[in-house]
Amino acid sequence: MSTAQRPLPHSFYRRSTEVVARDLLGRDLWRLLPGPRIAGGRIVEVEAYFGHEDPASHAYRRTPRSEIMYGPPGLAYVYFTYGMHCCLNVVCEPGGTAGAVLIRAIEPKRGIEEMAERRGAAAFNRKGRLRLGAICSGPGKLTQALAIDLALNGADLRGPEIWLSEGEGPLPDAKVEITPRVGIRRGAELPARFIVPDSPCLSRRSGSTRLDRRRS
DNA sequence: GTGACGATAATCT
DNA sequence: GATTATCGTCACA
């Protein structure tokens, strides 16, 4: 296994959530699917979530669900939301300090057919042609494409079910942009969303300022 | 291209 | 009982 594919060590995650989030861009996310087949791609969009002082974070309050965010780094935190979607986070910071990074989008690199199949009709255009930018361009989309559900909550991010690898990262600052977090209750949109603006696989097009319709 | 809306269940209060 | 770190579809431009 080359360096670019080998799982990142737990020490990668045992840093501040913000630093890990930034460093995650350009890394690769991999998933072992039945077959066995490996599917995954390059991380192009993430968001940092903190602890007690971050009202948008599940760790704002310490509950059974958020307990994992207070635990040791290098594990997956998967939660279920809106009655139908799972979202994947990586737990950061040393044990005792809460923090996690939400993986919001990846560029498919491998196992593209398998991922598209799991995404169903949304992965194809009217002519039946593959839409690469619609497969993993959102936190709920990528978990569907990679068959990530609550069974993976707490999984070790060194594999074998799911892992992150060095990939091409870390990316130079010129390739990275920081924006407010999206999908958050107004007032908590910290500038903690890290993206690769050149990517065609982001959850929102660059410059899209669509406000959330949630009430105050 | 944009914006509104409903689906649907785990988790929390 | 209320909320939700979302998505696909629909109407309209």
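In what follows, every chain begins at residue 1, and chains take the letters A, B, ... in the order their sequences are listed. As the structure is a prediction and not an experimental result, all values here were calculated from the model.
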Grab the [atom1]-[atom2] distance between [X] and [N] for me, whole Å please.
X	N	atom1	atom2	answer
A:H85	C:dA5	NE2	P	12 Å
A:R181	C:dT4	CZ	P	14 Å
A:L152	B:dA10	CG	C1'	17 Å
A:Y49	C:dT4	OH	C1'	12 Å
A:F50	C:dA5	CZ	P	16 Å
A:F124	C:dG8	CZ	P	13 Å
A:M84	B:dC5	CE	P	17 Å
A:R61	C:dA5	CZ	C1'	16 Å

TODO: Answer yes if the side chains of A:S199 and A:E45 hold a donor-acceptor pair under 3.5 Å, and no otherwise.
DONE: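 Checked: A:S199/A:E45 side chains show no N/O donor-acceptor pair below 3.5 Å.
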
For [N], take OP1 and OP2 only and decide whether either is under 4.0 Å from a side-chain N or O of [X].
X	N	value
A:R104	C:dA5	no
A:T81	C:dT6	no
A:H58	B:dT11	no

Task: A:Y77 and A:Y79 aromatic ring geometry - parallel, tilted or perpendicular at 30°/60° bounds - done: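 The rings of A:Y79 and A:Y77 sit tilted, inter-plane angle from 30° to 60°.
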
TODO: Cation-pi check, A:R15 to A:F12: give yes when NZ or CZ is under 6.0 Å from the six-membered ring centre and within 45° of the ring axis, no otherwise.
DONE: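 Verdict for A:F12: a cation-pi partner in A:R15.
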
- [ ] Compute both the distance and the angle, then confirm whether A:R181 meets the cation-pi test with A:Y49: under 6.0 Å from the six-membered ring centre, within 45 degrees of the axis.
- [x]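 Yes, a cation-pi geometry.
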
Name the closest nucleotide to the [X] side chain, picking from [options].
X	options	answer
A:F80	C:dA5, B:dA9, C:dT6	B:dA9
A:K141	C:dG8, B:dA9, C:dT3	C:dG8
A:R185	C:dT6, B:dC12, C:dT4	C:dT4
A:R65	C:dG8, B:dC12, B:dT13	B:dC12
A:S57	B:dA7, C:dA5, B:dT11	C:dA5
A:R119	C:dT6, B:dT13, C:dC7	C:dC7

Open item on the list: Pick the closest DNA chain B nucleotide for A:G83 and for A:L150 by heavy atoms, then say which residue is nearer the 5' end.
Closed with: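 The residue closer to the strand's 5' end, by nearest nucleotide, is A:G83.
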
Open item on the list: So is the aromatic ring of A:Y79 stacked onto the base of B:dA10, judging by whether the centres are under 5.5 Å apart and the planes are under 30° apart?
Closed with: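 It does not: the ring fails the test against the base of B:dA10.
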
Open item on the list: Going by centres under 5.5 angstrom and planes under 30 degrees, do the aromatic ring of A:Y82 and the base ring of B:dT8 stack?
Closed with: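 Here the ring of A:Y82 and the base of B:dT8 are not stacked, as the 5.5 Å and 30° limits are not both satisfied.
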
TODO: Output the distance between atom CD1 (A:I148) and atom CD1 (A:I103), rounded to the nearest 0.5 Å.
DONE: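 The distance works out to 9.0 Å.
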
TODO: Assign A:G140 to base, sugar-phosphate, or nothing according to its heavy-atom contacts below 4.0 angstrom with the strands shown.
DONE: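 Contact class for A:G140: sugar-phosphate only.
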
Open item on the list: So A:A122, base contact, sugar-phosphate only, or nothing? Heavy-atom distance under 4.0 Å.
Closed with: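 Sugar-phosphate contact only.
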
Open item on the list: If you compare all heavy atoms of A:M115 against all heavy atoms of A:C136, which two are closest, and at what distance to 0.1 Å?
Closed with: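 For A:M115 and A:C136, the tightest heavy-atom pair comes out as SD-SG, 3.8 Å.
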
Open item on the list: Let's test your reading of the pairing rules: Watson-Crick or G-U wobble, both distances under 3.5 Å, then write DNA chain C as a dot-bracket string with ( ), [ ], | and dots.
Closed with: ||||.|||||||.

Open item on the list: Please determine whether salt bridge (Lys or Arg N to Asp or Glu O under 4.0 Å) holds for the pair A:R62 and A:E67, giving the CA-CA distance in whole Å, both sets of side-chain angles, and the decisive distance to 0.1 Å.
Closed with: CA-CA 6 Å; A:R62 196 163 179 163; A:E67 186 62 28; 2.8 Å; yes

TODO: May I ask you to test the A:V101-A:Y13 pair for a side-chain heavy-atom distance under 4.5 Å?
DONE: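 A:V101 does not reach A:Y13 side chain to side chain.
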
